[in-house]
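Here is the structure we will look at.
So that the names make sense, note that chain A is the first sequence line, chain B the second, and so on, each numbered from 1.
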Number of protein chains: 2
Amino acid sequence: MIELESVERVFRVGGEAVRALDGVDLTIADGEYAAVMGPSGSGKSTLLHVVGLLDRPSRGRYRLDGVDTTTLGEAQRARLRRERIGFVFQAFHLIPRMTAAENIELPMILAGLPPRERRRRVTRVLRDLGLAERCGHRPDQLSGGQRQRVAIGRAMVMHPGILLADEPTGNLDHRAGAQVMALLERLNREEGITLLVVTHDPAVGGRAERRIDMLDGRIVADRPQRGD
Amino acid sequence: MIELESVERVFRVGGEAVRALDGVDLTIADGEYAAVMGPSGSGKSTLLHVVGLLDRPSRGRYRLDGVDTTTLGEAQRARLRRERIGFVFQAFHLIPRMTAAENIELPMILAGLPPRERRRRVTRVLRDLGLAERCGHRPDQLSGGQRQRVAIGRAMVMHPGILLADEPTGNLDHRAGAQVMALLERLNREEGITLLVVTHDPAVGGRAERRIDMLDGRIVADRPQRGD
Ligand SMILES: Nc1ncnc2c1ncn2[C@@H]1O[C@H](COP(=O)(O)OP(=O)(O)OP(=O)(O)O)[C@@H](O)[C@H]1O
Ligand SMILES: Nc1ncnc2c1ncn2[C@@H]1O[C@H](COP(=O)(O)OP(=O)(O)OP(=O)(O)O)[C@@H](O)[C@H]1O
Ligand SMILES: [Mg+2]
Ligand SMILES: [Mg+2]
C-alpha cells in the first residue's frame, strides 16, 4: 500500500522555491490501477519519483507497505526500490553501452536470477514489445519509440509489486501504445501489481480504474472511473 | 525547396542491414506545411535527419534549394544547417550546463546577433512557450514538457527557412501542445517557413496541409488534406 500524507517537495533554484508538490495526500491500495494526468509542470513526474523512492519529500510522510520510508537510510531505500518497484522514466535512462536485450536483462542480473530464466524472460518481453529484431541494437541504434519500449520491458521484467510508468506511450503510435498498455494491464490483472501511469493521452488515461488529476503540485481530483 | 530522389539509408548492425529509408522520393516546396506519420520504427526520424543535413543518404540524392547536398563537404553542410534549418529533436538534446534561456539563445550567438536583439527574442520566445518563470532553470531542473518546449524555442528563435520538428508535442498536455503548434504555424503562415512535423498524434497531424505516411522506410501515402 502506498500512503502519502501532506507531502511537499520544494526545489530551490537560485533564491527561489519551486513547490513541485504542494501538499499531497494519496492512498493507493495494493493492486490498484490509477492514471495521473495534468498540465506540463504540474508535478506528475515528481510525484512518481517520490512514490518510487527516487526522491524524498521535503515535508510530510510516505508510508510504503506500512513502513515510514522517510526513516530509512539510503541502502534500505535502494533495496526496497530494487525489490518492489519497476520504473519507466519519461526520459528512458537506458544504459548506452548495453543492447536492448541487456538493458532488459539488467534487473534480473541484479536480483540474482539464473541465466536460463533470464534468457526466457528477455525473449518473451522482447517479443511482447515487438523488439525481437532489435534485441542486439544499442539505444543509439534504436528509434525513440523502440527505446521507450526497452524502458518499459526493463521495468516489467521482474514483475515488481508496483509499476510506475511516466508517460509510457508518448513516443508510440496508437497501435504500439495500446499493445504496451495491454501488457501492463495484464500484469495488473493477473499478478495484482499496483499500476500507476502518468500520461498526457486521455485515451490512455481513460483505461485506468481511477483517475487522479494534478495542478500546480496538488491533487485537484481523484475519483474512480469505468476504465475501458 | 527540398528534393529527395530514390533516397536510401541503410544502417549496419552486427552483420545485418537495417533499411531505415528504403527508396524515398519526396519534394517539398518552400513554405509548405506537412505532417509525417507512421508506426514506431518506420523511418520518420531518419527522414528528418537526412532532410536536416544531420545524416547522409546511403544512396540517392538530396537537393536543397537546387544544391546537391551529397556533393558538399562537412563544413559546408554544417553552415547550411546553421543558416537554413531549425531542428526539434525527439530527445531534445539540450546543453546540460546552460539554462533554458541560454539554450534558446545559443543559435543567435552562433549567428552573431547583437545582445539586445538576442535578449528581446529570448524574452518573447520564453513568454510564448510559457517558460518565463523557468528561464533560469537548467534542463535537469525542468519537467519533460518544459524541456521539450525549450528545444522548440531553440529551433524557432532564428526563424529558419526550414523547421523540422520530431514529435514536438509528445510530452505536452493537449493545451500546451496546441499552443506550440499555433506558434509553429504562425511562423509558417507569416514568414513562409517550410514546416515539417513528425507526429504520432492524429490531432496534431491533422492540422497540416499535407499528410505523408511512412511504413518500413517508405512513403506509402502523400496527399493534401484540409488542415484545421
Ligand atoms: N543508428 C542506427 N543503427 C541501426 N539501426 C537504426 C539506427 N537508427 C535507427 N535505426 C533503425 O531504423 C529504423 C527507423 O528508425 P527511426 O528512428 O527513423 O524510426 P521512427 O519512425 O522515428 O520511430 P519512432 O516513431 O519510434 O520514433 C528503426 O527500426 C531503428 O531501429
Ligand atoms: N530538480 C528540479 N529543480 C527545480 N525545479 C524542478 C526540478 N524538477 C522539477 N522542477 C519543477 O517542478 C515542477 C514539476 O515538475 P514535474 O517534472 O514533476 O512536472 P510534470 O507534471 O511531470 O510535467 P511534464 O508533463 O512536463 O512532464 C516543474 O515546474 C519543474 O520546472
Ligand atoms: Mg513529467
Ligand atoms: Mg522517431
Taking everything shown except [X] itself, do over 12 heavy atoms lie less than 6.0 Å from its [atom1]?
| X | atom1 | answer |
| --- | --- | --- |
| A/Arg218 | CZ | no |
| A/Arg223 | CZ | yes |
| A/Asp25 | CG | yes |
| A/Arg77 | CZ | yes |
| B/Arg56 | CZ | yes |
| A/Arg127 | CZ | yes |

Given a strict heavy-atom distance threshold of 4.5 Å, which part of A/Gln146 is in contact with chain B: side chain, backbone, both, or neither?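 Looking at A/Gln146, backbone and side chain both touch chain B.
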
What pairs of residues pass the salt bridge (charged side-chain N to carboxylate O under 4.0 Å, His left out) test when at least one of them lies in residues 140-159 of chain B, not counting sequence neighbours?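 Every salt bridge (charged side-chain N to carboxylate O under 4.0 Å, His left out) pair that includes a residue of residues 140-159 of chain B, provided the two are not neighbours, is B/Arg138-B/Asp140.
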
Could you check which of B/Glu133, B/His137, B/His174, B/Met37 has the highest count of heavy-atom pairs closer than 4.5 Å to chain A?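 Among B/Glu133, B/His137, B/His174, B/Met37, the one with the most close pairs to chain A is B/His137.
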
Only pairs of heavy atoms separated by less than 4.5 Å count here; which of B/Asp166, B/Leu172, B/Leu142 has the most with chain A? B/Leu172

Note: B/Asn171 and A/His200 closest approach over all heavy atoms is O-NE2, 3.1 Å

Would you check if the side chain of B/Asp173 reaches a backbone N or O of A/Ser40 as a donor-acceptor pair within less than 3.5 Å? yes

Residues of residues 14-23 of chain B under 4.5 Å from chain A (heavy atom pairs)?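 Counting heavy atoms that sit under 4.5 Å from chain A, the residues of residues 14-23 of chain B involved are B/Val18.
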
